[in-house]
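Scroll down for the structure; my scribbles are underneath it.
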2 protein chains.
Amino acid sequence: MATVSALGYALLCALHRGPLTGYELVQRMRKPIGYYWTAQQSQIYPELARLSANGLIEHDAEAGPGPRQRKTHRLTAAGREALAGWLVEPPAPRAFRDETLLRTYALAAADPEGMREFYLAEAETYQRRLDAFQEQHADLLSRHADDPSHPQFGAYATLELALAGTPPRIRWCRWMAEQMAELARRREPSG
Amino acid sequence: MATVSALGYALLCALHRGPLTGYELVQRMRKPIGYYWTAQQSQIYPELARLSANGLIEHDAEAGPGPRQRKTHRLTAAGREALAGWLVEPPAPRAFRDETLLRTYALAAADPEGMREFYLAEAETYQRRLDAFQEQHADLLSRHADDPSHPQFGAYATLELALAGTPPRIRWCRWMAEQMAELARRREPSG
DNA sequence: GGAGACTATGTCAAAATTGACATAGCAAGG
DNA sequence: CCTTGCTATGTCAATTTTGACATAGTCTCC
């Protein structure tokens, strides 16, 4: 059996609830799924071809806008099986990259006032994200997605984690901004 | 002026407190910095050469073990300036990838009992990580690194965020395991 | 005395990812 | 009428990242 890349599994995940066109998959990798797994258009179309060649997905084609056909992709039985098998596998250790933490590590080399503004901007970014998550969370709750047997419980659960993890991050950003203000005061003790 | 990649800035960050050999940088990109920015050996050596060609770092060379010279790299004035400028820049939106959340999104396609074990294993992984962070945090505190003017305040601050963010994640993993147990009970209501 | 780990440098091919380009119909607003 | 945006498919070159290979001295444990 052919090996499937992480992106391949991401696409299988996106298709688990029903058929989608390549274009719709591109949208999904931006908005709901893009919050925890992103991919460019230029990655998605070749990967769909690969999954198809491996028999994990199949598609119907109709006439579409533009010069090419519009294809609606869905999981095959083999695809569903491959997905189910992967889901319960212990995850291979993945590179985790956080530019904000990287900058924080080298804090001592930066201007405190500049860093203060940086952390305040970060806090605002995360606050906006939190607001959006809360809206989606409320929407899913109103559709009773908090029931583990609800088909959208998975999407609901990802928001639960975001809602638990984002406020501590916002508080940390604000705390960092305060620390930077304090540092700036000490360095330039003007009256 | 030549543009510097994210990895390049990561190396400048690693060098902000003093000179290091390539080998030591490889270690740093695994342990302290590796928690938020990773890089392989095969990336680091060419990137050091690039930074050097751009005049952002320079090195002394001595005889080393093995067939090549041992080089100790340090920031130049230009490197220090480039780092300081980058640190306060608003970060370019970066791809964030979380395999656990990806799996959670497609939960409905998986076996609940298998997923329960998956989440319990995740909780344990994060618990071990938290223990390690707490140890390092206590160590830095004993050296008064919680003072924003302390040279290691940046490292201390990264641990502060980890300590705030990890417990909610562990709680979420345990909650998910419970939900999966509940789901398994419902599907197989044996007496 | 030999096996394995650590210090220390680097290369190479393959895979994954990004960003820009290319084609086209259809709809909406000014 | 013209521009902008949306649907829809794909390609291409360049960059980034991964994983494996290669060399060689020292040190520690069995």
Side-chain angles (χ1 to χ4, degrees), chain A residues 2-11 14 19-31 33-34 36-54 57 59-73 91-97 99 102, chain B residues 2-11 14 19-31 33-34 36-54 57 59-73 91-97 99 102:
Chain A
T3 55
V4 179
S5 69
L7 172 61
Y9 285 118
L11 294 178
L20 295 170
T21 66
Y23 184 75
E24 287 169 320
L25 279 164
V26 172
Q27 310 304 307
R28 294 291 187 291
M29 298 310 272
R30 265 204 267 274
K31 235 202 69 183
I33 299 182
Y36 33 88
W37 203 272
T38 53
Q40 304 292 318
Q41 195 172 317
S42 51
Q43 276 183 282
I44 292 171
Y45 285 106
E47 186 64 37
L48 284 172
R50 227 167 294 146
L51 291 171
S52 194
N54 291 340
I57 62 174
H59 63 260
D60 296 325
E62 324 152 55
R68 295 190 187 87
Q69 288 188 300
R70 174 192 143 104
K71 296 173 188 168
T72 303
H73 306 270
R94 274 206 162 265
F96 170 75
R97 294 192 162 96
E99 241 180 66
L102 180 58
Chain B
T3 56
V4 180
S5 69
L7 172 62
Y9 285 118
L11 294 179
L20 295 170
T21 68
Y23 184 74
E24 287 168 322
L25 280 164
V26 171
Q27 312 303 308
R28 294 291 186 292
M29 298 311 272
R30 265 203 267 273
K31 235 208 61 192
I33 299 182
Y36 33 89
W37 204 272
T38 54
Q40 304 292 318
Q41 194 171 319
S42 51
Q43 277 182 283
I44 292 171
Y45 285 106
E47 186 63 37
L48 284 172
R50 226 167 295 147
L51 291 171
S52 194
N54 291 339
I57 61 174
H59 63 259
D60 295 327
E62 325 152 54
R68 296 193 187 87
Q69 287 187 303
R70 173 190 140 106
K71 297 172 186 169
T72 303
H73 306 270
R94 278 211 158 261
F96 170 74
R97 294 191 162 96
E99 242 181 65
L102 181 57

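Just so it is clear: chains get the letters A, B, ... in the order the sequence lines come, proteins before strands, and each one is counted from 1.
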Query raised in the report: At under 4.0 Å between heavy atoms, what does B/Arg94 touch on the DNA or RNA strands: base, sugar-phosphate, or nothing?
Result: nothing
Query - Distance below 4.0 Å between B/Tyr23 side-chain N/O and C/dT9 OP1 or OP2 - result: no
Query raised in the report: What is the distance, rounded to the nearest whole Å, between atom CD1 of B/Ile44 and atom C1' of C/dT11?
Result: 15 Å
Query - A/Arg30 CZ to C/dT17 P, straight-line distance once rounded to whole Å - result: 16 Å
Requested in this report: Whole angstrom is fine here: how far is it from NE2 in A/His59 over to P in D/dG10?
Outcome: 8 Å
Query raised in the report: Rounding to a whole Å, what distance do you find between B/Met29:CE and D/dG19:C1'?
Result: 17 Å
Query raised in the report: Under a 4.5 Å cut-off applied to non-hydrogen side-chain atoms, are A/Trp37 and B/Glu99 in contact?
Result: yes
Report summary line: A/Glu62 atom CD is separated from D/dT7 atom C1', nearest whole Å, by 12 Å
Requested in this report: Hey, which sits more toward the 5' end of DNA chain C by its nearest nucleotide, A/Arg68 or A/Trp37?
Outcome: A/Trp37
Query raised in the report: Rounded to the nearest Å, what distance is computed from the CD atom of residue B/Glu24 to the C1' atom of nucleotide C/dA8?
Result: 10 Å
Query raised in the report: If you pin A/Pro67 and A/Thr38 to their nearest nucleotides in DNA chain C, which one's is more 5'?
Result: A/Thr38
Report task. Please state how far atom OH in A/Tyr45 lies from atom P in C/dT17, giving the value in whole angstrom units. Result -> 18 Å
**Report entry** Closest to the B/Thr21 side chain, choosing from C/dT9, D/dT7, C/dT23
**Finding:** C/dT9
Query raised in the report: Nearest of D/dT18, D/dG10, D/dA24 to any side-chain atom of A/Arg97?
Result: D/dT18
**Report entry** Closest approach of A/Leu7 to A/Ala39 (non-hydrogen atoms, all atoms of both residues)
**Finding:** CD1-CB, 3.6 Å
Query raised in the report: Is the base of D/dT9 touched by the side chain of A/Gln41 through a donor-acceptor pair closer than 3.5 angstrom?
Result: yes
Report task. Under 4.0 Å between any heavy atoms, over every strand shown, what does A/Gly64 touch: base, sugar-phosphate, or nothing? Just pick one. Result -> nothing
Report task. Measure the distance from CD on B/Gln40 to P on C/dT9 and round it to the nearest whole Å. Result -> 17 Å
Query raised in the report: Is there a side-chain contact between B/Arg97 and A/Thr38 (heavy atoms, below 4.5 Å)?
Result: yes
Query raised in the report: Heavy atoms under 4.0 Å, any strand shown: does A/Ala6 hit a base, just sugar-phosphate, or nothing?
Result: nothing
Query raised in the report: Side-chain N or O of A/Gln43 less than 4.0 angstrom from OP1 or OP2 on C/dT17?
Result: yes
Report task. List the atom of B/Phe96, the atom of A/Phe96, and the distance in Å for their closest heavy-atom pair. Result -> CE1-CE1, 4.3 Å
Query - Under 3.5 Å donor-acceptor pair, A/Ser42 side-chain atoms to D/dG10 base atoms - result: no
Query raised in the report: Toward the 5' end of DNA chain D, which comes first, B/Glu47 or A/Pro65, by nearest nucleotide?
Result: A/Pro65
Query raised in the report: B/Arg70: what forms a side-chain contact (heavy atoms from CB on, under 4.5 Å) with it, not counting sequence neighbours?
Result: B/Thr21, B/Glu62, B/Thr72
